[in-house]
Structures are given as structure tokens and as C-alpha cells.
Amino acid sequence: MTSFKTRLVHFARKHSPGPRKAVNPPIVRASTVLYDDVAAMIDTRDRDAAGERVFRYGARGTPTAFHFEEAITEVEGGAGTLLFQTGLAAVAHPMLSLLRPGDHVLFAETVYGPARALAEQYLPPRGITCEFYSGGHDEVTARIRPETRMVYLDNPGSIVFDIQDVPAIKRAIGDRDIALVVDNTWGCPGLYRPIPLGADISVVAITKYVAGHSDVMLGSVTSNAKYLKQLRADSDLLGQTVNPEDAYLALRGLRTAAARIAMHQAHTAEVAHYLAGHAKVAEVLYPPRAGDRHHALFQRDFEGGNGLMSIAFAPEVSQASVNQFVDSLQLFGLGASWGGFESLKLIYGKVPGWSGGRIVRLHIGLEDPTDLIADLDQALARIDA
């Protein structure tokens with residue numbers, strides 16, 4: 001068996017028969033697909049109905065998207081993958097497809113903010129009860145109801161990077177008809193694989209490390225065999241499809257993801273070590289770091305880290321000082337998203353599931369970490385001043 005790094009480079013290479021082929025699959029743009037005869041059209045329709053990804057009509061995907069789906073399925077260890085125009089569309093799809101009026105959903109307290117908005121604003125008016133839980137699998141066990149149909153979490157949790165024990169949650173669910181859905185954006189590609197650990201569905205904002213260059217909006221939903229057929233059927237019913245250029249760029253980004261993420265992790269280790277020793281920093285929230293409260297579970301279930309982390313300031317640091325710190329950073333861009341080559345900063349107000357000091361999220365990019373540390377040092381000095 002070849003290593004994951006090697007397979008990452010060669011995923012989705014079965015795209016072009018013959019003695020000559022391009023290294024990357026071609027971009028196929030199409031709305032109408034023509035058939036040689038009625039028999040070919042019927043055969044294509046029947047194969048599509050049976051679950052095969054066949055080129056039938058542009059709104060149901062083109063070969064470029066199918067190649068990328070195949071690659072993400074291998075990365076995530078599922079039975080199949082669906083693509084969506086944004087990560088948020090991918091987050092929403094399992095809820096739209098699997099939930100019905102009267103159902104109950106358990107959301108981890110530290111889910112992605114827009115996922116929380118779906119739980120608070122979109123699902124309840126449609127007769128779906130949403131409940132947030134703090135903690136891990138013990139809390140899930142205590143809160144499961146007869147009408148519970150989904151447990152949804154980010155691993156690690158958004159902003160505060162808590163890690164939950166997915167195999168233990170799966171054991172708590174047992175043989176109940178409850179879909180365990182994990183947002184795996186932080187851990188893809190290859191740092192974390194929730195489906196082999198017991199999750200039913202893995203959601204990824206491909207926008208982040210897979211695409212890797214802050215220029216693509218894309219999301220994926222990878223499922224085990226239990227839920228794939230329904231998720232795919234509903235995706236087709238809702239007309240979900242993606243731009244072939246985006247699928248091509250994401251597949252290209254996937255080839256280099258292991259090298260980029262390794263550099264992000266190495267740089268972040270240096271930055272985290274510096275920040276952990278600063279008097280104004282109460283805690284560095286980064287599970288790959290020894291000493292993090294979730295490090296043991298990280299070591300058990302994850303293959304490595306990346307460049308996304310948060311810092312919690314000491315209690316005496318005011319919000320005004322935090323804002324000044326952020327504004328003083330010169331090498332960190334102020335903006336949402338992450339996973340590209342650049343360093344970023346973002347402030348937060350009240351963070352669900354967090355009772356400590358004020359938080360700033362940092363994405364450590366590919367810049368020289370010595371320069372990033374010097375920038376952080378001068379910005380922190382302004383707090384002291």
C-alpha cells in the first residue's frame with residue numbers, strides 16, 4: 001500500500017484512456033449532452049439511477065466534477081461524495097435532505113457560526129427541534145431522545161478547537177437511526193478522517209486547505225453507504241452542481257495540499273511556542289501543541305495539524321486592547337476564511353462554549369515564521385504600553 005502523500009498526488013488519474021493523457025483531467029463545460037441513439041440515452045439514465053456518476057446533463061455534473069468527487073471520496077474514506085458551490089451549502093445539505101418536521105437534532109456548542117444560524121433560524125420554523133450540548137459523548141448520551149435524528153459537530157470545534165471523541169459518540173448512538181455528521185474542514189485532506197472513525201457523513205469547505213489559494217468557493221459532502229443514495233437524490237432534485245473550473249482548481253490544489261499543510265504546521269508550531277510564553281496570552285488553543293487540553297485525543301485520532309489556531313488573552317486585557325493588537329499586526333490580513341497561503345487574523349465577541357479570555361483567531365501562513373513572530377511581538381508590546 002502506497003502512502004497517503006503518494007496517493008494524494010495520483011488520485012483521480014483514471015480519467016483518460018489511451019497512450020497519451022494530460023497530467024490533470026480536462027475541464028469539461030456543458031449543459032446539453034448528446035447521445036448516439038435512444039439505447040445509449042436509456043443506458044446512461046439507468047446507470048445514473050443506479051448511483052453511477054455518469055455524464056448525463058450539465059446540471060447533474062460533468063466529468064471534471066466527477067474526478068474531484070472521486071478524489072475526495074478516497075481522501076475521506078466514504079462511499080461517495082457530492083459537491084456544492086460553497087462550504088455552507090455543503091453544511092446545509094445533510095440537514096435539508098435527512099431531517100423532517102418533528103425531528104430533534106443535537107448540535108455541539110462549538111459548531112461553525114453559520115451552522116448555528118441554521119439551527120437557530122432555519123430549522124425550528126420548519127418543525128425541527130435543535131438543541132446545543134457542551135462537552136462530549138457523555139452529554140450526547142444524556143440528551144438523545146426517541147425523535148433524535150442527527151448529531152452534528154465540528155472536530156475540532158470552531159474558534160476554540162475542542163476535540164470530541166467520535167468513536168465514543170458513535171457507540172452512544174448505537175443502532176438508532178441517527179446520522180452522525182462531522183464538519184471536517186480543519187482536518188481535510190488527510191489530517192482527520194471521521195467516517196472510518198464512526199461518522200456517517202463528513203462535510204468539508206473545500207475553499208480552505210484543499211483549494212488552498214483563497215480563490216475558490218466549494219464544499220463537499222462525503223457519506224457512507226447508509227445515507228449516500230438519499231443525499232445524492234436530493235442534491236439532484238435541488239439542482240446542486242458546481243462550476244467545472246472550480247472543481248479543476250480544487251483538484252489541482254489537492255495535489256500539493258500535503259506539502260503546504262506541512263509547512264503551515266511547522267510555522268504554527270513556532271508561533272504557538274512563542275505565544276504560549278507571553279504574559280498577555282492566557283492560553284493557546286491549538287490541539288497539536290503539547291499541553292493543549294485536547295492534545296491526547298488529538299494524538300489518538302489525528303494525523304497532524306495545520307495553520308489555524310486561536311489565542312485567548314489574559315483576563316485583564318480589554319476588548320479595546322485586543323482590537324488595538326489586531327490593528328497593529330502588519331503581516332496578518334483581517335478577513336474571514338483561512339487555508340490559503342497567507343496569514344490572517346479575526347476577532348470575536350462572545351464565543352459559544354467558551355468562558356475564558358477574549359479570543360483572536362489566527363491563520364499562520366507560508367510567510368517566514370520569524371517575521372510573523374516579530375510582528376506579533378510588536379503588536380503585543382502595544383498592549384503592555
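These numbers were taken from a predicted model, which means no experiment stands behind them.
Between Glu70 and Arg53, no side-chain nitrogen of the basic residue sits less than 4.0 Å from a carboxylate oxygen of the acidic one, so the salt-bridge criterion is not met. Salt bridge status for Arg7 with Glu74: absent, with no side-chain N to carboxylate O gap under 4.0 Å. Note on Asp162 versus Arg293: no salt bridge recorded, every NZ/NE/NH1/NH2 to OD/OE distance being 4.0 Å or above. A salt bridge between Arg193 and Glu76 is absent, with no side-chain N of the basic residue lying under 4.0 Å from a carboxylate O of the acidic one.
No side-chain N or O of Trp186 forms a donor-acceptor pair with one of Asn155 less than 3.5 Å apart. Donor-acceptor pairing under 3.5 Å is recorded for the side chains of Tyr274 and Asp377. Side-chain contact check for Thr81 and Thr73: at least one donor-acceptor pair (N or O, by modelled atom type) lies under 3.5 Å.
Under the 4.5 Å side-chain heavy-atom criterion for Ile, Leu, Val, Met, Phe, Trp and Tyr, Leu362 and Tyr112 are members of distinct hydrophobic clusters. The hydrophobic cluster containing Val242 also contains Val204, counting ILVMFWY residues as joined when their side-chain heavy atoms lie under 4.5 angstrom apart, directly or transitively. In the hydrophobic clustering of this structure, Leu118 groups with Tyr152; members are Ile, Leu, Val, Met, Phe, Trp, Tyr whose side-chain heavy atoms approach within less than 4.5 Å, directly or through other members. At a threshold of 4.5 Å between side-chain heavy atoms, the hydrophobic network of Ile, Leu, Val, Met, Phe, Trp and Tyr places Ile169 and Ile178 in one connected group. A single hydrophobic cluster is seen to contain both Ile347 and Leu275, as judged by linkage of ILVMFWY side chains at heavy-atom distances under 4.5 Å, directly or through other members.
Remark: the backbone N or O of Tyr192 is paired with a side-chain donor or acceptor of Asn184 at under 3.5 angstrom. No donor-acceptor distance shorter than 3.5 angstrom exists from the side chain of Ser97 to the backbone of Pro94, with no hydrogens or angles considered. Judged purely by atom type and a 3.5 angstrom limit, Ser337 has no side-chain atom pairing as donor or acceptor with the backbone of Ser214. Listed for the His267 side chain is a donor-acceptor partner under 3.5 Å among the backbone atoms of Glu367.
For the salt bridge (charged side-chain N to carboxylate O under 4.0 Å, His left out) test, residues two or more places apart in sequence or in another chain that qualify with Arg60 are Asp48, Asp236.
Between Gly357 and Ala312, the shortest heavy-atom distance links the atoms O-CB, 4.1 Å.
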Let me have the donor-acceptor pairs involving side chains of residues 325-336, under 3.5 Å, with sequence neighbours excluded, atom names and distances please.
| residue | atom | partner | partner atom | Å |
| --- | --- | --- | --- | --- |
| Ser328 | OG | Gln324 | O | 2.7 |
| Ser328 | OG | Arg382 | NE | 3.4 |

Exercise for the section: Mind running side chain to side chain contact (heavy atoms under 4.5 Å, CB included) on Arg29 and Thr62 for me, showing each step along the way? Expected result: CA-CA 7 Å; Arg29 294 185 60 88; Thr62 72; over 6 Å; no
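Taking the six-membered ring for Trp and the full ring otherwise, the centers of Trp354 and Tyr348 sit at least 6.0 Å from each other. Remark: aromatic rings of Phe341 and His363 are distant, center separation not under 6.0 Å. Ring centroids of His93 and Phe84 are separated by less than 6.0 Å, placing the two rings close together.
A 4.5 Å side-chain heavy-atom check between Glu131 and His104 finds at least one atom pair inside the cut-off.
Relative to the ring axis of Phe132, Arg116 places its NZ or CZ within 45° and under 6.0 Å from the centre. Both the sub-6.0 Å distance and the 45° axial angle are not jointly satisfied by Arg300 relative to the ring of Phe302.
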